[in-house]
Amino acid sequence: MNKILLEIKDVNYKVGDKKILRGVNLKIRNDEIHSIVGVNGTGKTTLASMIMGISDYKPTSGRIIFDGKDITKFSVTERAKLGITLAWQFPANFEGITVGEYLSLKKGGVSPDKCLKLVGLNPDIYLQRTVDENLSGGERKRIELASAFSINPKLVILDEPDSGIDMASIDAIRNVIKNFKSNGTSVILITHNERIAKIGDIVSLMCSGEIVKEGTSDEVTKFFKKYCKGCNHIGKIDKEVLNEC
């Protein structure tokens, strides 16, 4: 079994009196794709932001261990230097920067040509285009993934990479996720898409700020359909039910 790269230990997070994350425990191993699924409002994006070290998302309690180091109090920059990166659900625009320049920010990284081909975009067409609102949602998502791949991280967090895009883009995203793993990068894949989630070696189901089920895609899907689908409490599951599983 591969070595543990990232470990979330009993992490809690609240805003005022509202609990967002409740005792989250999670392990991500080297060269692993780990899918995190769950309905809206269960804490998936909050967890992603916390792993990346976004300033507004510091644990109320608990620890985050990365590659043997306690990074709970590390900044975004410090975590990025260790090899953690995050591809946002809604990528930013960069007026005046070409795609080629955007994919060349890290010296010695993977070539822009290779990264664009990997996500199904023609370098001859896209290298000189500007990273702005003239790109479609699918194009922007693919370029964001190409950028993450170009820096060859140890861990990449993909927050809803399939959200609001066409089927052609989804196929390209599936391809690049698999290439992250083959290139030695561990992946945290946050998604609502069952087809995308199946790429994961392990799938975790989040519910009301907790990891309530972990296993194969089929195991988690069956659990969700039995206990979560149609729930009126944003996925909240009775503790007695969980104890029986």
Spacing of [X] atom [atom1] and [Y] atom [atom2] [to the nearest 0.5 Å]:
{"X": "Leu5", "Y": "Ser186", "atom1": "CG", "atom2": "OG", "answer": "4.5 Å"}
{"X": "Lys69", "Y": "Phe74", "atom1": "NZ", "atom2": "CZ", "answer": "6.5 Å"}
{"X": "Thr72", "Y": "Ile65", "atom1": "OG1", "atom2": "CD1", "answer": "5.5 Å"}
{"X": "Thr46", "Y": "Lys14", "atom1": "OG1", "atom2": "NZ", "answer": "15.5 Å"}
{"X": "Leu47", "Y": "Ile190", "atom1": "CG", "atom2": "CD1", "answer": "6.5 Å"}
{"X": "Ile51", "Y": "Ile84", "atom1": "CD1", "atom2": "CD1", "answer": "8.0 Å"}

(message) What I'd like to find out is whether the side chain of Gln128 reaches to under 4.5 Å of the side chain of Val99, using heavy atoms alone.
(response) no
(request) Could you tell me whether the side chain of Glu32 reaches within less than 4.5 Å of the side chain of Asn2, counting heavy atoms only? (result) no
(request) Any chance you could lay out the side-chain contact (heavy atoms from CB on, under 4.5 Å) test for Tyr102 and Glu144, step after step, and finish with the verdict? (result) CA-CA 9 Å; Tyr102 182 55; Glu144 181 82 353; 2.9 Å; yes
Is a donor on one side and an acceptor on the other found under 3.5 Å between the side chain of [X] and the backbone of [Y]?
{"X": "Lys44", "Y": "Val39", "result": "yes"}
{"X": "Asp159", "Y": "Thr45", "result": "no"}
{"X": "Thr221", "Y": "Asp218", "result": "no"}
{"X": "Thr185", "Y": "Lys154", "result": "no"}
{"X": "Asn175", "Y": "Leu118", "result": "yes"}
{"X": "Arg22", "Y": "Ser208", "result": "yes"}
{"X": "Arg174", "Y": "Ile196", "result": "no"}
{"X": "Arg29", "Y": "Lys3", "result": "no"}
{"X": "Asp201", "Y": "Ile33", "result": "yes"}

Under 4.5 Å between side-chain heavy atoms, hopping through other hydrophobics if needed: is there a path connecting [X] to [Y]?
{"X": "Ile4", "Y": "Val156", "answer": "no"}
{"X": "Ile20", "Y": "Tyr57", "answer": "yes"}
{"X": "Ile151", "Y": "Leu121", "answer": "no"}

What closest approach, in Å, do [X] and [Y] show between heavy atoms, and which atom pair accounts for it?
{"X": "Gly83", "Y": "Pro153", "result": "O-CB, 3.4 Å"}
{"X": "Ile157", "Y": "Met52", "result": "CD1-N, 4.2 Å"}
{"X": "Ile71", "Y": "Arg79", "result": "O-NH2, 2.8 Å"}
{"X": "Thr191", "Y": "Glu160", "result": "CA-OE1, 3.6 Å"}
{"X": "Ile211", "Y": "Asn25", "result": "CG1-O, 3.9 Å"}
{"X": "Tyr126", "Y": "Leu116", "result": "CB-CD1, 4.1 Å"}

(message) Under the criterion side-chain contact (heavy atoms from CB on, under 4.5 Å), I'd like the reasoning laid out for Ile188 against Ile36: C-alpha separation, chi angles, the key distance, then a yes or no.
(response) CA-CA 7 Å; Ile188 296 177; Ile36 299 179; 3.7 Å; yes
Between [Y] and [X], is the closest basic N to carboxylate O distance under 4.0 Å?
{"X": "Asp31", "Y": "Lys181", "result": "no"}
{"X": "Arg63", "Y": "Asp10", "result": "no"}
{"X": "Glu133", "Y": "Arg140", "result": "no"}

(request) Show your reasoning for whether side-chain contact (heavy atoms from CB on, under 4.5 Å) applies to Thr130 and Asn134. (result) CA-CA 8 Å; Thr130 303; Asn134 293 315; over 6 Å; no
Does a donor on one side chain and an acceptor on the other come within less than 3.5 Å for [X] and [Y]?
{"X": "Asn40", "Y": "His192", "answer": "yes"}
{"X": "Ser204", "Y": "His34", "answer": "yes"}
{"X": "Asn183", "Y": "Asn152", "answer": "yes"}
{"X": "Ser61", "Y": "Asn12", "answer": "yes"}
{"X": "Asp113", "Y": "Ser111", "answer": "no"}

(message) If you apply the rule side-chain contact (heavy atoms from CB on, under 4.5 Å), what do you find for Ile170 with Arg195, and how did you get there?
(response) CA-CA 10 Å; Ile170 287 179; Arg195 181 183 170 205; 4.2 Å; yes
